Amino acid sequence: MTQSNRIAGGLVDRSKQLSFTFNNKSMTGYEGDTLASALLANGQRLVGRSFKYHRPRGIFSAGSEEPNAMVHLRRGAAQEPNTRATVAELFNGLEATSQNHRGSLEFDLMSVTDLASPFLSAGFYYKTFMWPKKFWEKLYEPAIRASAGLGRLSMQEDPDSYDKGFLHCDMLIIGAGPAGLMAALTAGRAGARVILADEDHLMGGRLNAETLSVDDQEGSAWAAAAAAELDAMPNVRLMTRTSVYGAYDHGVYGALERMTDHVPTSGGKPRQVLWRIYTKRAILTAGATERSIAFPMNDRPGVMLAGSVRTYVNRYGVAPGKKVAVFTNNDDGWRTATDLHAAGVSIAAVIDSREITPLAAIPGALILMGASVASTSGYLGLKSIATSSGVKIETDCLAVSGGWSPNVHLTCHQRGRPTWRDDIGAFVPGGDLPIGMHVAGAGNGSLALASSLKEGANVSASVASDLGFAATAAFPSAEDQSTDITPFWHVEGKGRAWIDLQNDVTVKDVKQSQAEGFRSVEHLKRYTTLGMATDQGKTSNVLGLAIMAEATGKSIPETGTTIFRPPYSPVPIGALAGRARGKDFRPFRLTPSHKWAETHGADFVEAGAWLRAQWFRKGSEKGWRDSVDREVEATRGSVGICDVTTLGKIDIQGRDAAAFLNKVYANGFAKLAVGKVRYGLMMREDGIVMDDGTTARLRENHFIMTTTTANAGPVFRHMEFARQCLWPGMDVHLISTTDGWAQFAVAGPNARNLLSKIVDMDISNEAFPFMACAETTVCGGTPARLFRISFSGELAFEIAVPARYGDAMMTKLMEAGEEFDATPYGTEALGVMRIEKGHAAGNELTGQTTANNLGLGKMVSKKKDSIGNKLSERPEMNREDDLRLVGFKPVDTSKPLAAGAHFVDNGKEAVTKNDLGWMTSVAYSPELGHSIGLGFLKKGDQRKGDKLRAVDLLRGGEVKVEVVSPHMIDPEGERLRA
Amino acid sequence: MIINHPLLGPRDAAEFYVMGDADLINRPDPDAEGAAEAFYEYAYLRDNPAGEHRELWYHEQGDRSWLVVTRSTLTHEIMNVEMARDVALAKGRGQ
Amino acid sequence: MPDMLTAEPFLGGYTLDLGDVAVAEVTDISIVSIAMPLGGGDALANAVQAAWGCALPAPRGTSVSSDGSVTLIFSTPDQTLAILPGVDGLAVTDVAAKLGDVGYYTEQTDNWVGLRASGAKSISALERICPLDLASMSVGGAERTVMEHLGVFIMREDDERFLLLSGSSSAKSFLHAVELSMRNVT
């Protein structure tokens, strides 16, 4: 295909021809083209099908406001749906395909829906697909989804990577049109730290699309010079291809920078970067967007926005049509006619809705004042139009201008409400801007060039001065082009008149919704879908509510406008996710023996951010139970080793450290002797158990607290709160040492024999009894801490060395333990042994359990004030018949137990009123030879020996259980004191 | 959101953990008369104003200070930021 | 002693040089936290002055000993991180002996993995993960913040050189975050 519509001029680089395909048809364009300009250059007017009616659609605009020309870009996994052809930069080898049709684009099988359009008006789905209710999910919704819609996902993993980042500036200037460039020059010259961002790859905005001059240069040349001056300033960061999509609290802005979308492949670098920009001030110089006029059958390919038509001619050297007609209600529309005529494009007619003197004489063109377009023809592309008075005009491109709407979107992101200006027939930013935001230029309603340049400079100088920079506003010479307008919204007549092309919303839909009682613009939007989807109604919102106002007989300010939320333009989910994909979703914490465990058959489990070994597969072991049973038996039979580094460790020091522990623990700590460890129970102020652990007193004023793995962070935070806010007069200091020490549990009857070979001190029962602790060394000098504590119920120690020795320590323990068949064990074996001993863990410490529930009520000291003490005294938390933690065994010991099963008395129905509690943890005990469980049971402490039903209604199944002591192995604790 | 830390200057809210009503500083005297009721109110009853609200924010990924942030729940404007420890001391909690 | 355990750096002493930017694990420092007793600020400051010839660091800053060997980083209103040269046993013992009974000392060496990021593109790389304004950070400035969910101390050692300290258990994830940032900008 040749570039039949390419004409002279423009900013494209004709020395760099690019090949691309559209629906597999080969075409060419030039560097500097967008896909849209290249398609138009190749005479391709039909580019897609509409959302609801599958109407043929063409390119409507030349920017990010595009409602129609959405395509699939690229192929395979990299295929991106709903890409606006108007912002997709052309590159060599680009592949684009049209979307939302079955069969070919020219003969869409779904276009039959267009024939049904009289029935498919606003609210059709809500009214029609109501009954029967169950049909919705299975039949109606899939059918509607199949027929309506936009592009399709590739259904493959996105092959590109994305990144995020943080930027800082004194002034963020959003949009690099005339006002933005002037704002950036003014602030940049004054020395302020400036970021100037624009969604285009070329700075200049409308200057690149108009034939206006600045300082006696072509506007585009002036813009290029301004951009070059800014680029040379070290205090200015120019960000092209960057959409500032959201204005957030306190001067924070979101921006999407497209790094590699304009080249064939990303080359392994992030395709897009999502920036969070911290600003002292921001100047929104976002320009304005043209809107259409609603007239019958105004959706045909070839009907375009007038400003965009001249963008294609002036910037890209492309004539969107061979014989162009203009329909306008304002002076700006005439610029399309004069610019096109000057570029040699034939003008068929200028139709102005106003009864005024024609603004120009254009040879060969029919000039019709006080006229309007009442119909069009040409199914796959515009062929002709007819005016209300019946004049038929042959034309293949109708340039429509209904006026320009300032891009107020970002001013609304903190609920700012735009206000209506009658003189320009548009909403402008209201007074309630986000904190730190200023507005200038066309985006502020200063639509003409000289005013825009001047306002950009003035606002910037004033903001820079506020920030302490000596800024002066200097203005280039330019003229204010005429922008007079007499609002004219729609043409009555036969046939549908589209307001929102993307959602197929017509004048009839708006009137109907008004007639059905949807009077608020917000309701109008939801009922008709006006202004939804990827373009968020940039070209249609004002038109829609003007017609709504007309229908209700109210003024536009009375009718009001919907406001905008981020994002201003679509942001891919991939960019929002950034790097947080797959295994990079979040960071992992590894234990010091991780590498050792990896090489010794460990299967890992996520415990919060930690990866912990859950068991170590050995030899021919088939299932996890084989490994876990062996680890438990080996530990209880000889000695086992477990990495327990993940438990939170908090170093607590100060003159009042003991008094402080007395406040945060429910049980007493003041009298704990130096060199001893005590189990501590921590409550929330509401009397519910928060955490538990052991705390060692190394010195008079020095304690080491351990927390559960999961609560390390929350407990630290809680204690900082207690320290700073509740008892700020106490001398106590906290610091985490969790990562600093590699800690290993060495448990089992041979634990002492093993450790004696390594630890440089006497650890006999006499010298180092149960619950002793010491700072010591191992292996003749490596610093260490030793604790005689036991979670397994065996004779056990926990030995800690600085984390950098962790790997060596694990190896050393295994070497020294070889003669005892020392066995590494994981979290599962740890869990089995703690259930056998009746120790509460996460399944029991649910944030809903009291000390009484856990059977630990006696630990709560009545002699002192501690957090949670007072409220734990409430009668409901001290009921005799409350839940108590007890043990369970199956009556038929061959049966497994199930956690989550509920207890019901024999002979009672398994219904809520008979519910006596539930099973929290279960395990198979190799020592006992059957399944065991822990659970909360009403009056559990008084029911030892009773037999109950354990009913699992969720998964089905029931087991008869006997209530036993939670201390199912060595209830007297003889082993751990051995 | 940006919190202007009294010691460290403006910091992104992402560095903080928020705990709500700063009234939590006013833990009742457990030995006073009516302490049970006072603790009940302290633990459970919070105002939820539309407008100015004093909140506790913890600079968890920073200097670990608890702060009292006075903030409008309507506009998110932050009117004042204090070290919670100073607030607590001013209330006589250092005794 | 022959039997003593061998220390292993958390990242095996990893280094990577991409030209404009480089990263290296810092394996030759010890870290001790010094807490200031309530009401004991002056005594601690005097001891620090006597021992190292420098003041306690101000918020967002560092303070360097007169011989340049020790750097103190502001960490909390009543805690300071001392970064000392070399690593051997527990540094806390030496610091406690040097300063005396005027502070509370906690070994922190192995809590942290150290990375040194340097090169002309170090800020371009770090701005992908660090929310702070590094361009405005003065040499000798230090802050704690969060990068990729991980708590990090960042200190500007020179115009194009930063020292980063993050939790040692997540050393691999932290290195990945820093390295990927560097690869993404080179």
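These numbers were taken from a predicted model, which means no experiment stands behind them. In what follows, chains carry the letters A, B, and so on, assigned in the order in which the sequence lines appear, proteins first and then strands, with residues in each chain numbered from 1.
When all heavy atoms are compared, the tightest approach of B:Ile2 to A:His250 is N-ND1, 2.9 Å. Scanning all heavy atoms of the two residues, the minimum distance from A:Leu871 to B:Tyr44 falls at CD1-CE1, 4.5 Å. Summarising the geometry of B:Ala88 relative to A:Cys725, their closest heavy-atom pair is CB-O, 3.3 Å, with the distance given to 0.1 Å. When all heavy atoms are compared, the tightest approach of B:Arg64 to A:Leu734 is NH2-O, 2.8 Å. Nearest heavy atoms, B:Thr75 versus A:Asp249: O-OD1, 4.3 Å.
Going from atom NE2 of B:His76 over to atom OH of A:Tyr248 covers 13.5 Å, rounded to the nearest 0.5 Å. Distance check: B:Phe39 CZ to A:Arg874 CZ gives 11.5 Å after rounding to the nearest 0.5 Å. In this structure, CZ in B:Arg93 is found 5.5 Å from CG in A:Leu726, a value given to the nearest 0.5 Å. In this structure, CZ on B:Arg85 lies 10.5 Å from CD on A:Glu720, to the nearest 0.5 angstrom. Interatomic distance, CZ of B:Arg27 versus CZ of A:Phe721, reported as 9.5 Å (0.5 Å rounding). Between atom CD of residue B:Glu60 and atom CZ of residue A:Arg717 there is a gap of 4.0 Å, rounded to the nearest 0.5 Å.
With a 4.5 Å cut-off on non-hydrogen atoms, B:Tyr58 touches chain A through its side chain but not through its backbone. Contacts between B:Gln95 and chain A at a heavy-atom distance below 4.5 Å are absent for every atom of the residue. With a threshold of 4.5 angstrom between heavy atoms, A:Tyr278 approaches chain B through side-chain atoms but not through N, CA, C or O. For B:Met19, the part sitting under 4.5 Å from any heavy atom of chain A is the side chain, from C-beta outward, and nothing else. Residue B:Leu24 touches chain A through both its backbone and its side chain, counting heavy-atom pairs closer than 4.5 Å. Only the side chain of A:Arg276 has a heavy atom closer than 4.5 Å to any heavy atom of chain B.
Counting non-hydrogen atoms of neighbouring residues, nucleotides and ligands closer than 6.0 angstrom, the CZ atom of A:Arg879 reaches no more than 12 such neighbours. Atom CZ of B:Arg46 sits in a crowded spot, with more than 12 heavy atoms from other residues, nucleotides or ligands closer than 6.0 Å. Environment of NZ in A:Lys862: crowded, with over 12 heavy atoms of neighbouring residues, nucleotides or ligands closer than 6.0 Å. Applying the 6.0 Å contact sphere to NZ of A:Lys280 captures no more than 12 heavy atoms from other residues, nucleotides or ligands.
Annotation: maximal heavy-atom pairing with chain A below 4.5 Å, among B:Pro30, B:Ala84, B:Pro10, occurs at B:Pro30. Between chain B and the options A:Gly729, A:Pro728, A:Gly251, the largest number of non-hydrogen pairs under 4.5 Å is found for A:Pro728.
With respect to the salt-bridge test (charged N to carboxylate O, under 4.0 angstrom), the residues B:Asp31 and A:Lys870 do not qualify.
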